[in-house]
Structures are given as structure tokens and as C-alpha cells.
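Before any comments, here is the structure.
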Amino acid sequence: MQINPFGKVPAIVEDNGFKLWESGAILMYLAEKYAETPVSPEKRAELNQWIIFANATLGPGIFVEANREREMPRLMTALDSILEKQPYLVSDEFSVADVAVGSLLLYIPIMLKLDLSAYPAVLDYMKRISDRAGYQKSMGKI
Ligand SMILES: N[C@@H](CCC(=O)N[C@@H](CS)C(=O)NCC(=O)O)C(=O)O
């Protein structure tokens with residue numbers, strides 16, 4: 001409650017006392033703060049689109065049981081067809097969009113153990129994300 005009045009994680013607090021909660025807001029903030037090159041409003045909007053998609057559409061579609069049968073096939077089919085053509089969600093480079101979507105997808109084998117064999121490009125993508133040092137540092141090897 002000291003950082004997030006709703007008592008949920010993730011939440012961050014910086015040395016200057018700045019507090020922020022909601023994973024999507026935290027990702028947007030960190031991506032902007034630590035961007036290595038200037039990001040156009042269009043690119044920023046595209047990255048934010050994926051962060052909001054992860055939290056508002058993909059997460060509820062997969063992890064809310066009542067939605068799963070209806071939503072998951074169409075979400076995963078569309079993701080699979082995108083990821084057949086490119087290694088990451090926005091251009092060919094890993095971005096905050098992949099942090100949002102990839103980390104959510106990687107909760108599937110941890111929490112639900114669903115069969116994802118119908119989505120081979122998504123499975124390859126999940127492996128690409130989970131092989132990253134940053135993922136392993138925060139989540140361990142899976
Ligand atoms: N929409 C929020 C969800 C936050 C959330 O529900 N966090 C869970 C853990 S993943 C939590 O703190 N649960 C403990 C609780 O609800 O008491 C976000 O993306 O940050």
C-alpha cells in the first residue's frame with residue numbers, strides 16, 4: 001500500500017520518490033526514460049498499442065477462464081501469423097512490446113500448461129524471449 005494504494009504488484013519507487021504502478025504504465029515510462037534513440041510519436045504509439053493489447057486483450061483472453069475458449073484461438077492465430085514473418089512484434093528488433101506480450105505468453109507454460117503446438121511461430125518467439133539474459137535474470141531459466 002505504500003507504493004500502490006491498491007496493494008498490487010508490480011509497482012516501482014525511484015530514488016527521488018517518484019512512484020508508479022500498473023505494469024503497462026511502468027513499461028511505457030521505462031521505455032521512454034531509457035530509449036537509446038529518439039522515438040517518433042507514431043513508433044511510441046505502436047509500442048504502447050502492444051503494451052495495452054497485452055494487458056487489456058491478450059491477458060484477459062488467455063488467463064480469464066471464461067474467455068479462453070472463445071478468445072484464445074483467434075488471438076494466438078493472429079499472433080502466429082505476425083510472428084511467422086518477423087522475429088519481434090515491432091520491426092526486427094526486440095522492444096518493450098515484446099517485454100509486454102512475451103512475458104505474458106511465457107506465463108502460459110508456468111500457469112496453464114496449454115498445448116500451443118498449433119502456434120509454432122509463437123512457440124519459437126517464446127523461446128527467443130525466454131533465452132534472453134534479461135528474462136532469465138528476472139524469471140529464471142524455463
Ligand atoms: N493490471 C495490473 C494487475 C496487477 C495485479 O493483479 N497483480 C497481481 C500479481 S500479478 C497482484 O498483485 N496480486 C495480489 C493481490 O491482488 O493481492 C498490472 O498489470 O499491473
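Position 1 is the first residue of the sequence, and the numbers go up from there. Numbering of ligands and ligand atoms starts at 1, following listing order.
- For atom 13 (N) of ligand 1, the nearest non-hydrogen atom of the protein is K8 NZ, 4.4 Å.
- The two residues L105 and P109 have their closest heavy-atom pair at O-CD, 3.4 Å.
- Both L106 and V96 are part of a single hydrophobic cluster, where members link through side-chain heavy atoms under 4.5 Å apart.
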Derivation of the side-chain contact (heavy atoms from CB on, under 4.5 Å) call for M139 and Y107: CA-CA 10 Å; M139 295 298 289; Y107 278 116; 3.9 Å; yes
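- Here the side chain of E14 pairs no donor or acceptor atom with the backbone of K19 at under 3.5 angstrom.
- For the pair R128 and D124, the salt-bridge criterion is not met [side-chain N within less than 4.0 Å of a carboxylate O].
- For atom 2 (C) of ligand 1, the nearest protein heavy atom lies under 4.0 Å away.
- Heavy-atom separations between P10 and ligand 1 include at least one value shorter than 4.0 Å.
- Note: F18 and Y29 have tilted aromatic rings, judged against thresholds of 30 and 60 degrees for the angle between ring planes.
- In this structure, the protein non-hydrogen atom closest to atom 17 (O) of ligand 1 is G7 O, 4.3 Å.
- For ligand 1, the atoms lying closer than 4.0 Å to a non-hydrogen atom of E22 are 1 (N), 2 (C), 18 (C), 19 (O), 20 (O).
- Closest protein heavy atom to atom 20 (O) of ligand 1: S23 N, 2.9 Å.
- In this structure, atom 4 (C) of ligand 1 lies nearest to the protein heavy atom V9 O, 3.4 Å.
- Within the 4.0 Å cut-off (strictly below), a protein heavy atom is located near atom 15 (C) of ligand 1.
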